[in-house]
Number of protein chains: 2
Amino acid sequence: MSGPTIYDVATAAQVATSTVSRAFSQPGRVSADTRERILAVAAELGYRPNPHARALLSGKHHTVAMVVSDITNPHYFDLIRGAELRARVSEYTLLLVNAEESPRVEWEQIQRLSPAVDGFVLAASRLPDENLQQVAAQRPVVLMSRELPGLASVVLDHVEGCRQIVAHLASLGHRDVLYLSGPRNSWMAATRWAALRAAAEQVGISARRLGPFTPKVSQGGAAADGAVNAGATAVVAHNDLLAIGVMQRLAQRGLRVPEDVSVVGFDDIFAADVCSPGLTTLGGAHVDVGRAAVELLLTAGVRAPDDQPRVLLPTELVLRASTGPCR
Amino acid sequence: MSGPTIYDVATAAQVATSTVSRAFSQPGRVSADTRERILAVAAELGYRPNPHARALLSGKHHTVAMVVSDITNPHYFDLIRGAELRARVSEYTLLLVNAEESPRVEWEQIQRLSPAVDGFVLAASRLPDENLQQVAAQRPVVLMSRELPGLASVVLDHVEGCRQIVAHLASLGHRDVLYLSGPRNSWMAATRWAALRAAAEQVGISARRLGPFTPKVSQGGAAADGAVNAGATAVVAHNDLLAIGVMQRLAQRGLRVPEDVSVVGFDDIFAADVCSPGLTTLGGAHVDVGRAAVELLLTAGVRAPDDQPRVLLPTELVLRASTGPCR
DNA sequence: CTGAAAGCGCTAACAA
DNA sequence: TTGTTAGCGCTTTCAG
């Protein structure tokens, strides 16, 4: 059932359990040959250290929990991949949990896992600020795609990215952009809208907003109809999924992209490259976001609460066929 | 640091630690009012049971590890989602690990995690049969997208699916199908080839094979060139990613899909629906595969080794524009 | 450099 | 129904 323990190894190797323990955790503090003998015996017996027992005493679990606000969204998979990658490098285990877009579920999961992990990386957390602060008081936390003063975070530079989007659209002659907004409690949605609006003002064009929409393909229909009704010449959808849904509905209604309406998305998911027309979208190294978040968590050591790093990764406006000159 | 323990709760509630323990794990075996008092005190103190301590003694970890052969492949996302979903229902934690297409990494990860989880679900495992048997000897295991006598498994019915593909192609007048094969150590690749071949024979057309190819978009170029060189009129790619890569290369070379070559994929990933032409592909409820695998694992209880369930889920041939009459 | 012994937080007999 | 008492497998003082 549950394999050999250090006792078995100690007996077989004729040493004390503590020596076996040291042979594994502090190789320096055991003489070379005893250690060798122990390792040999351990290997022969098929001994595996029990992570639970280890964690119980040491308080180190070698585990980080990643909470994703909606595991359904393909965009998050790059974050997950990056996080998994970085965790593995340090021989940490990545625990994946889905919050199902529900702050309550997110909170419960975090509370449940809290005593068993070294820290949390939260992807696009939907928790209110106060709750985030509470979590941070218990365990190291790194936010992804969200910022909060006092907490470490990794985000793509959407302010700059939105500026690029608006500049691109303006250069094509558009005098107005319509933002199809994401979920109400999404920090990202608020950030993008603010950035879009500011950028628009700066170049002297108007910015409007519609929504919120659940950022899925299926919601694209409603969003598209709203956009048409608003007489938009250029729409910026909260993410690529929504953008693709918008394009599908537009095509269905006989409107051409980009001749009648230009469409821009966010995330640069794989589908944005293969759909037609190809979707102009704000991409970035999402894998690096995941990677950096775990990196920050693992090195969280001794940073003061008022000295939490905010990592800003560059975005990249990927131009494809969905944007064109204003009609 | 590490919150209150049952001792703190016991003291505060004026009961023994065992009573506190019972109040949480066997609510029935404690009088209603003492339990209520305990829970109240626990809540007030912010007590959270420590999963490690619990696991150490009980041997139940409430955790299942999911090992994915290549987390890069979007197809697995559905499996992951399904697994996460089912795990959550039973308040199990899903531990996600990536094997990076390497049997060695896969083996090491499994060994490392083995003492800390209740079982494994292995997605498209690349391990040789013997290793799988060894793993199964230590812990309950459920295979996804792979079968092995003596082990529980959940797979889509590719035999039937391949028959549908071949029938579809034959009905369009194709007299030959070319399978662009997946990785050499992929059970799926072998299964698909065997099924395709058998189905082709049955309807009296020829089947050929090229590869193996790493099933990524980037490999589609080589696969496409090989297919053209072989004079194929219909190709069946190991997955949608490869199929999309093939279509891109074909377009680049001025060949039309489906007029010159029909293309079929596997998995029905999101991109298959939005690429152009839309990709005909063998889909299925992948989320259910993930769900069923975890389900099987959690109910693994007392099944004999020779009585391991093999769940076969239906496939569905999704017809899109990439297949057409033979030229 | 190595051994003895005391727990980490919790559960599971066994009593009461 | 509740309390007492051993541990689960490991790390970590503290001696030797």
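Proteins get letters first, then strands, A, B, ... in listed order; numbering begins at 1 in each. This one's a predicted model, so the numbers in the text were calculated from it and none came from an experiment.
Toward the 5' end of DNA chain C, the nearer of the two residues A:V30 and B:Q26, judged by each one's closest nucleotide, is A:V30.
The residues B:E101 and B:R126 are annotated as salt-bridged, a charged nitrogen and a carboxylate oxygen being separated by less than 4.0 angstrom. B:E108 has a carboxylate O that lies under 4.0 Å from a charged side-chain N of B:R104, or vice versa, which qualifies the two as a salt bridge.
Nearest to the side-chain atoms of B:R22 among the listed nucleotides D:dT13, D:dC8, D:dG3 stands D:dG3. Out of C:dA4, D:dC8, D:dT2, the shortest distance to the side chain of A:A16 is found at C:dA4. Of the candidates D:dT2, D:dT11, C:dG3, D:dT2 carries the atom nearest the B:T34 side chain, counting heavy atoms from C-beta on. Side-chain proximity of A:I6 to the nucleotides D:dG3, D:dC10, C:dC10 is greatest for D:dC10. Of the candidates D:dC8, C:dC10, D:dG3, D:dC8 carries the atom nearest the B:L56 side chain, counting heavy atoms from C-beta on. Counting only heavy atoms from C-beta on, A:A53 has its side chain closest to D:dC10 among D:dT2, D:dC10, C:dG3. The side chain of B:S18 lies closest to D:dT4 when the candidates are D:dT4, D:dG9, C:dA4.
Considering all non-hydrogen atoms of both residues, B:P51 and A:A116 come closest at CG-CB, 3.6 Å.
Look at A:T5 and you won't find any side-chain N or O under 4.0 angstrom from OP1 or OP2 of D:dG9.
Judged by distance alone, with hydrogens and angles left aside, A:Y7 brings a side-chain donor or acceptor within reach of the base of D:dC10, the pair sitting under 3.5 Å. The base of C:dT2 lies outside donor-acceptor range of the side chain of A:S31, with no N or O pair under 3.5 Å.
Note: CG (A:N50) to P (C:dC8) measures 18 Å, nearest angstrom.
Atom CG of B:D118 and atom OH of B:Y92 lie 4.5 Å apart (nearest 0.5 Å).
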